Amino acid sequence: MEGYRILIVEDHVQSRTEMAEYLRKQEGIALVREAGNGAEALKLLSEEPFEIMITDIIMPQMDGYALLEEMRRRSLPSHPQTIVVSALSRDDFVTRAIELGATFYMVKPFDMRHLMSHIRDLSGGKIKPAGAAAPSSRESQNRRVQTLDERLGSLFLTIGIPAHIKGYQFLRQAVKMVVEDPDRINRITKELYPGIARHFGTSASKVERAIRHAIEVAWNRGRIETLNTAFGCKVCTPEDKPTNGEFIAMIADKLSMERSA
């Protein structure tokens with residue numbers, strides 16, 4: 001059977017069913033199995049291969065952390081790439097999930113299209129986005145902006161840029177501005193930083209420093225492979241930290257391609 005095989009591990013029946021029904025309708029997905037906790041998931045993982053696993057953290061019998069730990073210890077038919085979905089957004093929860101092998105961490109509630117974009121990232125482009133009509137109303141455009149915010153929030157959280165630092169908000173605004181007008185990246189000091197500064201009521205120099213600090217935080221946490229996975233190739237190394245402009249341009253270009261696909 002061609003296509004990706006996905007395992008959903010979630011104790012909340014309605015949430016699990018909604019995810020499964022949505023994913024079964026997507027092109028490029030051959031099979032979706034469901035498990036109510038980590039113990040059920042391990043049984044399925046020992047019986048058949050999966051390319052991708054989506055798991056909650058808080059579950060009865062065996063939680064998501066214990067599941068990830070057991071997967072490391074056991075010899076299984078496959079070790080799927082993992083997306084953690086949880087209502088827990090504290091940075092230490094995210095850090096532990098990434099350290100145990102998760103590639104992406106999503107905070108509930110989330111848009112199913114957002115989940116699908118992560119699955120496409122993990123497929124390395126093998127799962128193509130379904131064609132969609134161009135937005136024809138202001139409401140459609142607003143929905144698209146919200147999805148971009150969610151995408152940025154999840155990506156920054158996963159690579160280790162905590163939401164409480166100033167650079168998180170400045171970076172998110174910078175990427176959105178460059179997505180809307182790519183030429184702004186060539187006017188980073190004359191237009192991009194001042195525009196962000198006006199938006200947040202601060203100075204351009206503080207914007208520049210805060211963004212640089214946010215990127216340093218991510219690099220110091222060693223989660224660079226998450227970015228490489230998202231881009232489907234090795235775009236970053238621990239020794240080669242990008243400049244503010246390079247980082248903003250890299251993320252904006254990736255998201256622009258997703259929006260136009």
Side-chain angles (χ1 to χ4, degrees), residues 4-26 28-29 31-45 50-72 78-123 127 129 143 146-163 168 172 223 225-227 229-230 255 258:
Y4 271 62
R5 299 167 61 90
I6 296 177
L7 174 61
I8 299 173
V9 192
E10 166 68 74
D11 65 310
H12 190 276
V13 177
Q14 182 177 349
S15 296
R16 186 175 74 237
T17 300
E18 287 176 357
M19 273 192 284
E21 289 179 351
Y22 176 83
L23 293 177
R24 287 182 180 121
K25 296 174 182 176
Q26 306 305 308
I29 296 178
L31 179 73
V32 178
R33 294 264 194 243
E34 302 175 47
N37 56 60
E40 292 178 12
L42 278 176
K43 184 175 185 300
L44 288 170
L45 287 165
F50 295 91
E51 284 78 33
I52 295 172
M53 180 176 75
I54 303 163
T55 183
D56 196 358
I57 291 179
I58 306 301
M59 296 180 289
Q61 296 186 46
M62 180 184 288
D63 65 22
Y65 292 138
L67 170 59
L68 291 170
E69 289 172 345
E70 281 297 313
M71 286 172 60
R72 282 184 163 187
S78 64
H79 286 268
Q81 298 181 87
T82 302
I83 300 171
V84 168
V85 295
S86 175
L88 305 173
S89 59
R90 267 176 33 192
D91 194 53
D92 53 335
F93 289 120
V94 181
T95 299
R96 187 178 178 195
I98 300 300
E99 288 174 347
L100 289 173
T103 302
F104 290 114
Y105 192 106
M106 299 181 65
V107 178
K108 298 178 181 177
F110 53 82
D111 191 311
M112 289 295 181
R113 294 168 297 177
H114 184 195
L115 173 64
M116 195 61 208
S117 72
H118 279 330
I119 291 172
R120 283 196 293 271
D121 286 341
L122 294 179
S123 78
I127 298 177
R143 285 199 301 268
Q146 289 165 4
T147 301
L148 178 60
D149 276 335
E150 292 168 0
R151 185 83 170 89
L152 283 168
S154 179
L155 182 58
F156 289 168
L157 187 67
T158 303
I159 67 174
I161 301 177
Y168 175 97
R172 188 163 71 171
R223 299 187 193 167
E225 282 307 310
T226 301
L227 270 178
T229 299
L255 297 178
E258 287 182 359

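Everything quoted here is computed from the prediction, not taken from an experiment. Excluded from the calculations below are hydrogen atoms, water molecules and symmetry mates; all remaining heavy atoms, backbone and side chain alike, are included.
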Any idea which heavy atoms bring Gly36 and Arg16 closest together, and the distance?
CA-NH1, 3.6 Å

For residues Ile57 and Arg96, determine if any side-chain heavy atom of one lies less than 4.5 Å from a side-chain heavy atom of the other.
no

What is the distance from atom CG of Asp111 to atom CZ of Arg113, rounded to the nearest 0.5 Å?
4.0 Å

What's the separation between atom NE2 in His12 and atom CD1 in Ile58, rounded to the nearest 0.5 Å?
14.5 Å

Provide the full list of side chain to side chain donor-acceptor pair (under 3.5 Å) pairs with a residue in residues 52-65, sequence neighbours left out, each pair given once.
Asp56-Lys108

Atom CD1 of Ile6 and atom CD1 of Ile52: how far apart are they, to the nearest 0.5 Å?
5.0 Å

Shortest non-hydrogen contact from Tyr105 to Leu88?
OH-O, 2.6 Å

Ile29 side chain near Met116 side chain, heavy-atom distance below 4.5 Å:
yes

For residues Met19 and Ile54, report the shortest heavy-atom separation together with the two atoms involved.
SD-CG2, 4.0 Å

What closest approach, in Å, do Leu68 and Ala97 show between heavy atoms, and which atom pair accounts for it?
CD1-O, 4.2 Å

All heavy atoms of Pro80 vs all of Phe50, minimum pair found to be CB-O, 3.4 Å

Among residues at least two apart in sequence or on other chains, which ones pass side-chain hydrogen bond (donor to acceptor under 3.5 Å, both in side chains) with Glu21?
none

Starting at CE of Met71, measure out to CG of Leu45 and round the result to the nearest 0.5 Å.
5.5 Å

Closest approach of Tyr4 to Leu122 (non-hydrogen atoms, all atoms of both residues):
OH-O, 4.5 Å

Ile119 and Leu23, any side-chain heavy atoms less than 4.5 Å apart:
yes

Can you tell me how far apart CD1 (Ile8) and CE (Met53) are? Round to the nearest 0.5 Å.
11.5 Å

Could you check whether any side-chain heavy atom of Thr103 comes within less than 4.5 Å of a side-chain heavy atom of Asp121, counting everything from C-beta outward?
no

Does Glu40 have any side-chain hydrogen bond (donor to acceptor under 3.5 Å, both in side chains) partners at least two apart in sequence or in another chain, and if so, which?
none

Does some side-chain heavy atom of His118 sit less than 4.5 Å from a side-chain heavy atom of His114?
yes

One should read off an interatomic distance between Ile161 CD1 and Tyr168 OH, to the nearest 0.5 angstrom, of 9.0 Å

Tell me whether Glu51 contacts the main-chain N or O of Arg5 through its side chain, where contact means a donor paired with an acceptor under 3.5 Å.
yes

Counting N and O atoms only, with roles assigned by atom type, does the side chain of His79 sit under 3.5 Å from a partner on the main chain of Arg72, one being a donor and the other an acceptor?
no

